[in-house]
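Here the structure is laid out as structure tokens; the discussion comes afterwards.
Ligands are counted one by one from 1 in listed order, and the atoms in each one are counted from 1 as well.
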Amino acid sequence: MDKFITFEGIEGCGKTTQIKMAGDYLSGTGIPVVLTEEPGGTAFGRKIRDIVLNRSSYDISAEAELLLFLSARAQHVRELIKPALIQNKIVLCDRFSDATMAYQGFGRGLNTDALEAMNAFAAASLKPLKTFLFDLPPEIGLSRAMRRISQLKDFTPKEDRFERETVAFHERVREGYLRIAKDDPDRFVIIDAAPDVHAVFDQVRSCLLPLVT
Ligand code: TMP
């Protein structure tokens, strides 16, 4: 079974910190692990990330935005994820197809049946073995995310196009994630992301270890 594990959640839920802690933890025990992210993960994906997350792209349509995320995923799966899985590495990925369903489907209101087919096409039908969903009210997540962005140096590109969406948008994304998780309970582990990072990581580690050992 491919050990492809994804980390999902709304802005400021702490998943990026948790995936790094998980990567360090597994590497420390000698387990071969690859950490990657969407959009990103490949040179092509990083270019798309710059287009789609930068605040200067504010007026792109929902459809154009969707196709950019899918395009980045199509390249990511074929260039990086599948080859790593073939080499029996564990792949930890910061966001994947569930993000498209939650943000473009539930958040933007695009047709979720169509998205399911498009996700499968882009991902060559690859599905995560397990998905950690870091759940948290948007007010808390957004204030954490905004604090992080305000601390960035002036010359750092501002990847805050989604953080600038309304709280109502982020509520729909959160509800979308919870709905997707409810429909696929064997794959999802829902983690309360409100406690401190170490308490959250204790929950991640206890679920992660049986998957990889
Ligand atoms: P992050 O890497 O900091 O979490 O930022 C990625 C942003 O892109 C986040 O706001 C969610 C959004 N996104 C989508 O809207 N659809 C997708 O398919 C993916 C992968 C990300």
Side-chain angles (χ1 to χ4, degrees), residues 4-20 23 35-42 44-58 60-77 80-81 91-112 114-124 126-128 131-136 138 141-152 156-177 180 193:
F4 177 49
I5 299 164
T6 56
F7 289 57
E8 298 276 3
I10 61 163
E11 321 314 305
C13 68
K15 67 183 169 39
T16 306
T17 303
Q18 294 298 323
I19 202 172
K20 284 189 188 131
L35 253 66
T36 190
E37 66 171 356
E38 287 210 356
T42 65
F44 176 71
R46 281 184 288 278
K47 292 220 177 220
I48 292 189
R49 183 178 183 93
D50 189 42
I51 296 170
V52 81
L53 299 192
N54 204 289
R55 62 167 71 167
S56 62
S57 311
Y58 201 72
I60 61 177
S61 67
E63 291 79 3
E65 176 187 278
L66 165 70
L67 292 169
L68 288 173
F69 284 117
L70 293 176
S71 176
R73 181 162 310 129
Q75 186 63 23
H76 192 204
V77 166
L80 188 137
I81 300 176
V91 178
L92 305 182
C93 189
D94 189 338
R95 300 195 184 279
F96 197 64
S97 302
D98 297 312
T100 308
M101 202 53 105
Y103 281 81
Q104 281 66 52
F106 290 88
R108 301 268 190 240
L110 296 182
N111 182 294
T112 49
L115 287 191
E116 204 158 308
M118 292 168 93
N119 262 340
F121 176 72
L126 178 68
K127 281 203 169 167
T131 298
F132 292 102
L133 173 57
F134 297 89
D135 182 53
L136 169 96
L142 286 172
S143 71
R144 282 184 184 177
M146 285 309 195
R147 203 174 323 125
R148 176 177 44 78
I149 288 165
S150 69
Q151 285 163 357
L152 293 175
T156 315
K158 294 277 190 280
E159 292 186 342
D160 62 354
R161 199 169 64 86
F162 282 90
E163 284 80 354
R164 289 152 70 94
E165 289 290 341
T166 60
V167 173
F169 172 85
H170 291 283
E171 281 290 359
R172 292 197 296 280
V173 173
R174 181 194 192 191
E175 291 310 316
Y177 268 129
I180 301 164

For R73 and T100, test the side chains for any donor-to-acceptor distance below 3.5 angstrom and give the result as yes or no. yes
Pick one of side chain, backbone, both or neither for how Q104 approaches ligand 1, counting any non-hydrogen atom pair under 4.0 Å. side chain
Would you call the rings of F4 and F96 parallel, tilted or perpendicular, where under 30° means parallel and over 60° means perpendicular? perpendicular
For ligand 1, the portion of M101 having any non-hydrogen atom under 4.0 Å away: neither
Angle class for the F7/F132 ring planes (parallel below 30°, perpendicular above 60°, tilted otherwise)? tilted
Heavy-atom gap E159 to ligand 1 smaller than 4.0 Å: no
Using distance alone, decide if ligand 1 has a nitrogen or oxygen within less than 3.5 Å of any nitrogen or oxygen in R95. yes
Under 4.0 Å, heavy atoms only, figure out whether ligand 1 is touched by the backbone of L53, its side chain, both or neither. side chain
Is there a side-chain contact between E38 and D94, using heavy atoms and a 4.5 Å cut-off? no
For a quick test of reading the model, state the closest non-hydrogen atom pair linking R172 to G107 and the distance between them. NH2-O, 2.9 Å
Could you check whether any heavy atom of E65 sits closer than 4.0 Å to an atom of ligand 1, since that is the contact criterion I want to use? no
Please could you name the atoms of ligand 1 that R49 approaches to less than 4.0 Å, counting only its heavy atoms? 1 (P), 2 (O), 3 (O), 5 (O)
Going by heavy atoms in the side chains, are L80 and T36 under 4.5 Å from each other? yes
One finds that the ligand 1 atoms under 4.0 Å from a non-hydrogen atom of E38 are 20 (C)
With heavy atoms of E11 as the reference, note each atom of ligand 1 found under 4.0 Å away. 9 (C), 10 (O)
At a 4.0 Å threshold, what atoms of ligand 1 neighbour a non-hydrogen atom of T100? 17 (C), 18 (O)
Considering only heavy atoms from C-beta outward, does the side chain of E175 approach that of F106 to under 4.5 Å? no
Answer yes or no for R73: is there a heavy-atom contact with ligand 1 below 4.0 Å? yes
Please state which protein non-hydrogen atom is closest to atom 21 (C) of ligand 1 and give its distance, to 0.1 Å? F69 CE2, 3.4 Å
How are the rings of F169 and F162 set relative to one another: parallel (under 30°), tilted (30 to 60°) or perpendicular (over 60°)? tilted
